[in-house]
Amino acid sequence: MSEKQHMDEHCKELCNRLSEYIDGEIDDADCEKIAAHLKGCEKCITHIETLKKTKELCSHLKDKKVPETLSAKLDDFIRGCK
Amino acid sequence: MSPVNQISSTVKDEDYDLVNAIKSGDKEKFRDLVNKYEQRLFNFGFKMCGNPDDAEDLVQETFINVFRYLEGFRHEAKFRNWLYKIATSICLKTKRKSKFAPEQEVSLDEYAEREPADSSSSTPDWAVLPVDKVLNDELSGVIRNAIVTLPKNYRLVVVLRDMEGFTTEETAKILEITPANVKVRLHRARLYLRDQLKDYKGEAE
Ligand SMILES: [Zn+2]
């Protein structure tokens with residue numbers, strides 16, 4: 001196996017675990033392995049940065065206001081509950 | 001007996017007293033419960049359904065079920081988790097498709113064995129700049145639209161994990177799937193969403 005192929009295999013293996021990695025749900029040994037690989041791999045750095053940011057953007061979407069129609073419907077329902 | 005078995009199955013979460021008050025007949029307290037969760041549930045529904053009308057229906061149906069079944073709730077989980085279990089099962093049962101959803105569901109199979117993107121494309125602006133600099137209405141719209149096009153099983157996982165803030169374990173219990181399954185779906189969903197953002201350049205251009 002050429003060095004390039006080896007690298008690609010490594011990247012692929014890591015790629016499947018990057019979400020666990022950014023969520024801190026990976027054990028220490030694997031975590032170190034990934035961190036070491038990231039030091040030398042441009043491709044995986046870009047990959048992890050975009051994935052991390054995707055997660056971050058999703059968690060920061062602004063809430064929509066509850067429509068008054070819904071509040072009114074819920075109010076009716078609560079009144080009927082007694 | 002293992003330590004696990006000794007742990008009481010009663011979860012005294014922040015809603016424990018409120019829920020018990022309602023169960024013992026103080027129906028007026030049900031209003032407090034609704035007030036507390038309607039905003040979060042509506043936003044959960046909006047992300048799942050992609051439009052406010054369906055989100056309203058989801059919230060309404062969820063609270064109707066909460067009221068109906070609260071008597072049987074034994075605090076075996078946090079109330080919030082039980083609430084979302086009800087909401088997600090309604091979501092899963094709803095066959096009606098959002099008018100914004102694509103004709104055909106996208107397949108995430110291609111994300112099973114994914115290689116990192118080509119290094120020739122450097123990290124895009126939206127991934128470099130701080131969230132508050134890039135997350136404008138336009139980008140929020142792109143993300144929301146992308147979420148709605150995810151298959152429901154994946155959409156639920158990414159919404160519960162990354163937007164509603166449930167842990168892997170909690171999400172697994174809510175959806176009655178394994179934690180490993182949650183992780184796989186979450187990863188593929190994130191890869192898909194990332195791909196939908198890939199070419200986003202922003203309105204500044
Ligand atoms: Zn790599």
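In the text below, chain A, chain B and the rest are named by the order of the sequence lines, each starting its count at 1.
- A:E20 CD to B:L186 CG: the interatomic distance, rounded to the nearest 0.5 Å, is 9.5 Å.
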Q.
Please determine whether side-chain contact (heavy atoms from CB on, under 4.5 Å) holds for the pair B:K27 and A:I78, giving the CA-CA distance in whole Å, both sets of side-chain angles, and the decisive distance to 0.1 Å.
A. CA-CA 8 Å; B:K27 298 289 183 250; A:I78 295 166; over 6 Å; no
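- Using a 4.5 Å cut-off between heavy atoms, A:L74 contacts chain B through its side chain alone, with no backbone atom that close.
- Under the 3.5 Å distance criterion, the side-chain polar atoms of B:D162 are left unmatched by any main-chain donor or acceptor of A:S59.
- The part of B:L197 that comes within reach of chain A is its side chain, from C-beta onward, which places non-hydrogen atoms under 4.5 angstrom from that chain.
- For the atom pair CD (B:Q39) and NZ (A:K64), the distance works out to 11.5 Å, reported to the nearest 0.5 Å.
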Q: Decide yes or no on side-chain contact (heavy atoms from CB on, under 4.5 Å) for A:L61 and B:K47, but give the supporting numbers first.
A: CA-CA 10 Å; A:L61 283 182; B:K47 282 166 198 144; 4.2 Å; yes
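- Looking at B:P130, the atoms closer than 4.5 Å to chain A (heavy atoms on both sides) all sit in the backbone: N, CA, C or O.
- One side chain, A:T50 or B:R194, offers a donor N or O that lies under 3.5 Å from an acceptor on the other.
- With contacts defined as side-chain heavy-atom distances shorter than 4.5 Å, the pair A:T54/B:W126 qualifies.
- Contact of B:F63 with chain A is made through backbone and side chain together, with heavy-atom distances under 4.5 Å.
- More than 12 heavy atoms of other shown residues, nucleotides or ligands fall within 6.0 angstrom of atom CG in B:D32.
- Few gaps surround NZ on B:K85; more than 12 heavy atoms of other groups in view lie less than 6.0 Å from it.
- When all heavy atoms are compared, the tightest approach of B:E38 to A:S71 is OE1-OG, 3.8 Å.
- Counting only heavy atoms from C-beta outward, the side chains of A:F77 and B:Q60 never approach each other to under 4.5 Å.
- In this structure, NE2 in B:H187 is found 6.0 Å from CG in A:L51, a value given to the nearest 0.5 Å.
- Contact of A:K52 with chain B is not made at all, since no heavy-atom distance falls under 4.5 Å.
- The closest side-chain heavy-atom distance from A:K53 to B:V131 is below 4.5 Å.
- Residue A:L14 does not touch chain B at all, counting heavy-atom pairs closer than 4.5 Å.
- Within the 4.5 angstrom heavy-atom criterion, atoms from both the backbone and the side chain of B:I64 approach chain A.
- One distance of note links CG of A:D63 with CZ of B:F46; it measures 11.0 Å at 0.5 Å rounding.
- Salt bridge B:R161/A:D23: present, at least one basic N to carboxylate O contact under 4.0 Å.
- Around the NZ atom of B:K133, the shell of radius 6.0 Å holds no more than 12 heavy atoms that belong to other residues, nucleotides or ligands.
- No part of B:V159 comes within reach of chain A, as not one of its non-hydrogen atoms sits under 4.5 angstrom from that chain.
- For chain B, the option among A:K55, A:K62, A:H60, A:E49 with the highest count of heavy-atom pairs below 4.5 Å is A:K55.
- Looking at A:E25, the atoms closer than 4.5 Å to chain B (heavy atoms on both sides) sit in the backbone and in the side chain alike.
- Chain A forms the most heavy-atom pairs under 4.5 Å with one residue out of B:V34, B:D132, B:L41, and that residue is B:V34.
- Between the CZ atom of B:R68 and the SG atom of A:C81 there is a distance of 10.5 Å, given to the nearest 0.5 Å.
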Under 3.5 Å, which donor-acceptor pairs do the side chains of residues 14-22 of chain B form with other protein atoms, sequence neighbours left out?
unit_1, atom_1, unit_2, atom_2, d
B:E14, OE2, B:K36, NZ, 2.6
B:D15, OD1, B:K36, NZ, 2.5
B:D15, OD2, B:Y37, OH, 2.5
B:N20, OD1, B:H75, NE2, 2.9

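- Atom CG of B:L191 sits about 6.0 Å away from atom OG of A:S19, to the nearest 0.5 Å.
- Heavy-atom neighbours of A:K73 NZ from other residues, nucleotides or ligands within 6.0 Å: above the threshold of 12.
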